[in-house]
There are 2 protein chains.
Amino acid sequence: MYSIGDLSRRTGVKIPTIRYYEQMGLIDAPERSEGNQRRYEKRELERLAFIRHARDLGLSIDAIRDLLALSEHPERPCGEADRIATEHLASVRERIARLRKLESELERIVACHGDHTIGDCYVIRALADHSMCESEH
Amino acid sequence: MYSIGDLSRRTGVKIPTIRYYEQMGLIDAPERSEGNQRRYEKRELERLAFIRHARDLGLSIDAIRDLLALSEHPERPCGEADRIATEHLASVRERIARLRKLESELERIVACHGDHTIGDCYVIRALADHSMCESEH
DNA sequence: CTAAACACTCCAGCGACTATAGATATGTGG
DNA sequence: CCACATATCTATAGTCGCTGGAGTGTTTAG
């Protein structure tokens, strides 16, 4: 039996976040002590670790809810789980691509080096004038 | 004289977002028509384009507010503008690095290809068991 | 038995919008 | 000049995924 604090320490998920996950239906409402405090079993520790890991990988609460539901049916085919992860991978790749563009844009902008005045600062001019950009974004 | 709709079309910033920027102090409250509708000048069009561009580059509202304030003092040195952009570049690079790690983690997880059951699905097992990860995250 | 540590609920706030409802204004064709 | 369509107004609430605080009650170690 773990208290919510134990669970928090063991998974690295903050206490209010655990209660939030309960509210969001990611974990079932656990048993309570005589004094109405949450008391968890090992099962719930594992479930929360799963959630934590999936969140660290950037999956949305909705995607995690789906994956958790799937994991309760070990006999079913796993195509759906694969689809969720694959889609997520695609969105991560997209974000990387977008950030790379921003990176190169910012690199060019930053080349100003702060050794003159705002009036002829490349940072400010580049932001004011979109046509100075290399790629459209 | 532009209406808020004109401004929106010309900059690609949605109407409620323009009003939101006004509330947040990024653009001054403009003149109003007889019937209390916002009427903008070219100055404000340019300012909004600046904001839009900076947002596209991922700068926060606070950073943009600072840059706008700086751009009103063309005689001052531009070290501060440079600092804001450089810091932002660093945070973009950090995000790229984090996403790359996620990408490779997800690539490994997704290798499952959905041709079996949940019970032995790598996606689900990998999420449940952090020790299967290559790098800590 | 007491004091410290812990947990409870409820509610507000973050950032950057986005959406809705219900009322008013503006611009255009007949 | 008027009807009508479109545009705009304000105010408020919702989005996502938490995070923090206030005020109260519970558990546990010494």
Side-chain angles (χ1 to χ4, degrees), chain A residues 1-27 29-40 44-45 47-48 50-68 84 88 91-92 95 98 102, chain B residues 1-27 29-40 44-45 47-48 50-68 84 87-88 91-92 95 98 102 137:
Chain A
M1 285 299 217
Y2 308 102
S3 71
I4 197 167
D6 294 338
L7 213 63
S8 170
R9 269 183 298 279
R10 278 158 195 273
T11 58
V13 178
K14 290 188 182 160
I15 291 173
T17 307
I18 297 174
R19 292 197 274 248
Y20 170 76
Y21 287 160
E22 184 182 322
Q23 240 184 282
M24 293 300 101
L26 292 191
I27 47 184
E31 285 175 54
R32 299 285 183 131
S33 71
E34 296 237 321
N36 196 37
Q37 299 191 356
R38 289 169 180 81
R39 290 293 176 264
Y40 297 94
E44 285 142 314
L45 180 68
R47 193 175 172 98
L48 188 55
F50 181 105
I51 295 167
R52 169 84 213 255
H53 192 182
R55 281 297 301 142
D56 281 351
L57 289 170
L59 288 152
S60 72
I61 297 282
D62 278 355
I64 296 171
R65 209 197 324 267
D66 291 348
L67 287 170
L68 284 166
I84 290 170
H88 185 60
S91 95
V92 166
R95 272 189 282 163
R98 286 202 51 227
L102 298 187
Chain B
M1 286 295 220
Y2 308 102
S3 72
I4 197 168
D6 294 338
L7 213 63
S8 170
R9 269 183 299 278
R10 278 158 196 274
T11 60
V13 177
K14 289 190 183 155
I15 291 173
T17 306
I18 297 174
R19 292 197 275 248
Y20 169 76
Y21 287 160
E22 183 183 320
Q23 240 184 283
M24 294 299 101
L26 291 192
I27 46 184
E31 286 175 52
R32 298 287 182 129
S33 72
E34 297 236 320
N36 197 36
Q37 299 191 356
R38 290 168 179 81
R39 290 293 177 261
Y40 298 94
E44 286 142 314
L45 180 68
R47 192 175 173 99
L48 188 56
F50 182 104
I51 295 167
R52 168 84 213 256
H53 191 182
R55 282 296 302 142
D56 281 351
L57 290 170
L59 289 151
S60 71
I61 297 284
D62 278 355
I64 296 171
R65 208 195 325 268
D66 291 349
L67 287 171
L68 284 166
I84 291 170
E87 260 176 30
H88 185 61
S91 95
V92 166
R95 271 189 283 163
R98 285 203 53 228
L102 297 188
H137 53 126

Colleague: When you measure from the side chain of A:H88 to the backbone N and O of A:A63, does any donor-acceptor pair fall under 3.5 Å?
Modeller: no
Colleague: Can you give one letter per nucleotide of nucleotides 7-26 of chain D, going 5' to 3': B for a protein heavy atom under 4.0 Å from the base, S for sugar-phosphate only, - for none?
Modeller: -SSB------BBBS----BS
Colleague: Extract all donor-acceptor atom pairs below 3.5 Å that involve side chains of residues 6-19 of chain B and protein atoms in other chains or at least two apart in sequence.
Modeller:
residue : atom : partner : partner atom : Å
B:D6    : OD1  : B:R9    : NH2          : 3.0
B:D6    : OD2  : B:S3    : N            : 3.1
B:D6    : OD2  : B:S3    : OG           : 3.4
B:S8    : OG   : B:V13   : O            : 2.8
B:T11   : OG1  : B:L7    : O            : 2.8
B:T11   : OG1  : B:V13   : N            : 3.2

Colleague: Kindly compute the distance separating CZ (A:F50) from CD1 (A:I64), expressed to the nearest 0.5 Å.
Modeller: 8.0 Å
Colleague: Flag the pair B:E31 / B:R38 as yes when at least one side-chain heavy-atom distance between them is below 4.5 Å, and no otherwise.
Modeller: no
Colleague: In terms of heavy-atom contacts, does CZ of A:R55 have more than 12 from other residues, nucleotides or ligands at under 6.0 Å?
Modeller: yes
Colleague: Reading DNA chain C 5' to 3', which nucleotide is the first, and which the last, to come under 4.0 Å of any heavy atom in chain B?
Modeller: C:dA16 to C:dT26
Colleague: Counting only heavy atoms not in B:E87, do more than 12 sit closer than 6.0 Å to its CD atom?
Modeller: yes
Colleague: Is it the case that more than 12 heavy atoms not belonging to A:R98 sit under 6.0 Å from its CZ atom?
Modeller: no
